[in-house]
Protein chains: 2
Amino acid sequence: MPLPARERAFITTIPESFALNILHLIAGKFNKSSVEHRKNAVTIKDIAQQLKMAPSTVSRALRGSRDINPATRLLVQQVAEELRYTPNPIALSLKEKRSKIIGVIVPEIANNFCAATIGGIEDYAYRKGYHVVIFQSHEEYEREVQNVRLLTLRRIDGLIISLANNTRQFGHLEGLPAPVVMFDRVHDGIAGPRVVVDDCAGAFNGVTHLLSQGCRNIAILSMAPWLSTSQKRLQGYRDALAAHGIPVNEDLIVQSCETEQAIQQLFDGTVRPDALFFSMERLALMSLRVLKRLGLRIPEDVAVAGFSDNPASDLFSPALTTIRQPTFEIGQRAAELLIDQIEGTAVGAETVQLSTILDIRSSSLKK
Amino acid sequence: MPLPARERAFITTIPESFALNILHLIAGKFNKSSVEHRKNAVTIKDIAQQLKMAPSTVSRALRGSRDINPATRLLVQQVAEELRYTPNPIALSLKEKRSKIIGVIVPEIANNFCAATIGGIEDYAYRKGYHVVIFQSHEEYEREVQNVRLLTLRRIDGLIISLANNTRQFGHLEGLPAPVVMFDRVHDGIAGPRVVVDDCAGAFNGVTHLLSQGCRNIAILSMAPWLSTSQKRLQGYRDALAAHGIPVNEDLIVQSCETEQAIQQLFDGTVRPDALFFSMERLALMSLRVLKRLGLRIPEDVAVAGFSDNPASDLFSPALTTIRQPTFEIGQRAAELLIDQIEGTAVGAETVQLSTILDIRSSSLKK
DNA sequence: CTGAAAGCGCTAACAC
DNA sequence: GTGTTAGCGCTTTCAG
């Protein structure tokens, strides 16, 4: 099999390196193709050799050190460019103990809130010269732990995380060798800055709106009751009812991971809800589907509203009233807080709280 | 004058050669505090010291080499565990010239198709012991190029990519030091395996369905005409019309990035369409919004169908007829093809073609 | 100003 | 079997 010109050149110029590879082949450490793909990257040494100077000098020239002859510097830069030298970030990481990478762990990338937030994180991080690597916990504690470990091993410079649904222990987030910023689903037991929205106020506004439409039996849906968001949104719900002098019917508070059944049961109970308030995006589609299946009309029979960042909410049948979050900004702020910590410019363990946006649409307009 | 080191990845608008230059000039001194977070992780050396043996012995013991006294091995393992030793993947990458990381570049994570596909990639990759790092091109060529460069520098073991909307040159994908697998939006000029769906057949089926509903003036919407998917889906459209002996009206073929206006203009033309067929997910929501604004009823005035993997399609008003793709499997297969190449077990430059699924819903049912 | 040398953590060829 | 040594690419003392 004829090798491409480039690879042939590589073999003839650097025979020792090739020999080394061959040895690996024999040892079975590398298989054939994994070697074929790797090109001989030019290193600082190659430049030094060509210029007949020490690698350290080249390094200095390239890094713009003060202690260097401008002439040499120029020369080095020229050759570096000629040889298309690119620094090896791995070697750098090893030496400097940092990677210029920040890790993000979210429950599900497919969740509109998460996807949009990541956009904001990337935006800020890239501007600051950091890569962003994204992991999904798929709402599973074990996966989350595993991801944190992986990331730590890779010597990421920092971590941004929104907790999985069923994360109830937090040891994996303590004593980490890198700073952590939490957003959305946070845990008070863990120190460090965080970015959240005013979940309580968001829910309060949403529920108040439903009350203004004449709803009196408002059911609230959430999944894991231990999530910070669930708790605060539930509080907002309670507050709104209290503000209207309406007693809370605990039967209308659904906290279950078997949501589909739970919703159905709601309508078999003694008090049939006249409104559904969901506190998680995942519950939005589910609620609508269940109501549809039960043959209930929205909003005539049941008004519907809740937290969701689905960009198609206005196209639903009927258009869905939602509480949106400033996703992009949440991401940006989280990245900012993290990088401030990484680079030591952090003021303290700040908590950033942003506001939600209530988009009223027909699913909650009784008339 | 020197910029902080963290800014260096972002000088993209200036010529590449110049950027290379700058890149080193500005690599400033590393902030002390950023290292403060780092704990001095225990290394293979620490274990060796404690056990009064050579690091290489420890290495062998830990890697389960054959040439080692079972007793020593056990001892080493015990101490390793005691000291909570974790291997440093960076050092490994530097030595072995591979990272056990595969890179994924998609246009937008927020796109349902992309998010779901990534799920499949992760699933397979993780099972094979690879990490997946995700990048977004945000449909921009420059960003795509930049991502590829970044990934290459990081010595990723392989790349999975779906091209950006406006990528029309492909130099950045040629001669890469790692294998590449393309999916969805591919380019024939680039060698290597790929995973696609039968776009042509998918469009054919969709359009045929619209024809069966009595539609005769079916408009087709796409964005960049040079995308592989656009082309094949358009071909399916033409084929379906041809199969029914219906002449193609070129005015009904919209290929524009100003889609919103373009759709509107369609309805000002001499031939008013009685159906809209969109060939990209992004166009789905847009089409529905424009039609709504124009006061057109779906499907009575205009039937609507097209490619989309939006999981809420059934909840739209009206429920949206879609051509879905086997997203999870696409991801799995792409990862499989890539890892086969990385590990040298690839059979050849395979092309995997999967089938689409037509979900007929009310948006296209004329009666 | 520049070169030589050490070392980041790890593996592997080569002794003994 | 195990120790010694070299080296992946780069930065950084420490001498000149």
Side-chain angles (χ1 to χ4, degrees), chain A residues 14 16-17 19-30 38 40-49 51-76 80 83 85-100 153-155, chain B residues 5 23-24 27-30 32 35 38 40-49 51-76 80 83 85-100 153-155:
Chain A
I14 317 183
E16 57 193 352
S17 177
L20 189 69
N21 282 338
I22 287 290
L23 287 172
H24 286 311
L25 278 178
I26 293 165
K29 182 64 208 173
F30 279 87
R38 293 269 92 102
N40 46 332
V42 350
T43 76
I44 219 171
K45 244 177 176 167
D46 300 325
I47 301 175
Q49 204 161 28
L51 252 36
K52 295 193 192 316
M53 46 171 75
S56 48
T57 312
V58 175
S59 172
R60 274 187 287 250
L62 256 22
R63 315 201 78 225
S65 163
R66 281 221 150 280
D67 306 342
I68 192 127
N69 188 329
T72 348
R73 170 169 31 226
L74 210 67
L75 203 61
V76 170
L83 261 44
Y85 166 78
T86 57
N88 181 337
I90 311 238
L92 252 151
S93 291
L94 183 60
K95 188 119 236 303
E96 313 241 328
K97 298 208 181 326
R98 79 183 198 313
S99 57
K100 279 286 183 177
L153 289 182
R154 277 280 163 196
R155 305 296 193 267
Chain B
L23 204 128
H24 300 293
K29 168 118 185 187
F30 187 42
K32 197 81 194 165
V35 183
R38 295 266 94 103
N40 32 353
V42 346
T43 75
I44 217 170
K45 244 177 175 168
D46 300 325
I47 302 176
Q49 204 160 27
L51 252 36
K52 296 194 193 313
M53 46 171 74
S56 50
T57 313
V58 175
S59 171
R60 274 187 287 248
L62 257 22
R63 315 199 75 229
S65 164
R66 281 218 147 280
D67 305 344
I68 193 128
N69 187 328
T72 352
R73 168 166 36 222
L74 210 66
L75 203 62
V76 169
L83 261 44
Y85 165 79
T86 56
N88 181 337
I90 311 239
L92 252 152
S93 290
L94 183 59
K95 186 122 237 302
E96 312 245 324
K97 298 209 180 326
R98 59 196 183 62
S99 56
K100 279 283 185 179
L153 288 181
R154 278 280 164 196
R155 304 297 193 266

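Sequence lines set the chain letters: A, B, ... in the order given, protein chains first and strands last, and positions in each chain run from 1. Just the heavy atoms: all of them, side chains too, but no hydrogens, waters or symmetry mates, feed the values below.
Asn69(B) comes within 4.0 angstrom of the backbone, heavy atoms only, and of no base. Residue contacts for Asn88(A): at a heavy-atom cut-off of 4.0 Å it reaches the sugar-phosphate backbone alone, with no base atom in range.
Distance Arg66(A) CZ to dC1(C) P: 10 Å, rounded to the nearest Å. Rounded to whole angstrom, the span from the CE atom of Met53(A) across to the P atom of dG16(D) amounts to 22 Å. In this structure, NZ of Lys100(A) is placed 17 Å from C1' of dC10(D), rounded to the nearest angstrom. For the pair Lys95(A) NZ and dC10(C) P, the interatomic distance rounds to 16 Å; values are reported in whole Å. Taking atom CD of Gln49(A) as the reference point, atom P of dG9(D) lies 13 Å away to the nearest angstrom. If you take CG of Asp67(B) and C1' of dC16(C), they are 14 Å apart, rounded to a whole angstrom. Distance, Arg98(A) CZ to dT11(D) P: 10 Å, rounded to whole Å. At whole-Å resolution of the value, CD in Glu96(B) and P in dG9(C) are 17 Å apart.
Side-chain N/O atoms of Arg60(B) include none lying less than 4.0 angstrom from OP1 or OP2 on dA12(C). Contact check, Lys45(A) against dC8(D): a side-chain N or O comes under 4.0 Å of OP1 or OP2. One finds a side-chain N or O of Thr57(B) lying less than 4.0 angstrom from the OP1 or OP2 phosphate oxygen of dG3(D). Between Ser56(B) and dG3(D), a side-chain N or O to OP1/OP2 separation shorter than 4.0 Å is absent. Residue Lys52(A) has no polar side-chain atom (N or O) positioned under 4.0 Å from OP1 or OP2 of dG3(C). In this structure, Arg63(B) reaches the dA12(C) phosphate: one of its side-chain N or O atoms is under 4.0 Å from OP1 or OP2. Contact check, Lys97(B) against dG9(D): a side-chain N or O comes under 4.0 Å of OP1 or OP2.
Side-chain contact check for Leu94(B) versus Asn88(A): some heavy-atom pair is nearer than 4.5 Å. Counting heavy atoms from C-beta outward, Lys100(A) and Arg154(B) have side chains that approach closer than 4.5 Å. With a 4.5 Å cut-off on side-chain heavy atoms, Val58(B) and Tyr85(B) do not count as touching.
Closest contact between the side chain of Thr43(A) and the listed nucleotides dC10(D), dT11(C), dC10(C) involves dC10(D). Here dT11(D) is the nucleotide among dT11(D), dT11(C), dA4(C) with the atom lying nearest to any side-chain atom of Ile44(A). Closest to the side chain of Tyr85(A), out of dG3(C), dT11(C), dC10(D), is dC10(D).
Taking all atoms of both residues into account, the shortest heavy-atom contact from Ala41(B) to Asp46(B) is O-OD2, 4.0 Å.
Rotation axes derived from the C1' atoms of the five outermost pairs at either end of the helix from dC1(C)-dG16(D) to dC16(C)-dG1(D) lie 50° apart, to the nearest 10°.
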Q) Is there a side chain to side chain contact (heavy atoms under 4.5 Å, CB included) between Leu51(A) and Val76(A) once you walk through the steps? A) CA-CA 8 Å; Leu51(A) 252 36; Val76(A) 170; 3.8 Å; yes
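By the side-chain contact (heavy atoms from CB on, under 4.5 Å) test, Pro55(B) is found to be paired with Ile44(B), Lys45(B), Ala48(B), residues two or more places apart in sequence or in another chain being considered. Among residues two or more places apart in sequence or in another chain, the side-chain hydrogen bond (donor to acceptor under 3.5 Å, both in side chains) test is passed with Arg73(B) by none.
Heavy-atom nearest nucleotides on DNA chain D were determined for Ile68(B) and for Leu94(B), and the one closer to the 5' end corresponds to Ile68(B).
With hydrogens and angles ignored, no donor-acceptor pair under 3.5 angstrom links the side chain of Thr72(B) to the base of dT2(D).
The distance from atom CG of Asp67(B) to atom OG1 of Thr57(B), rounded to the nearest 0.5 Å, is 11.5 Å.
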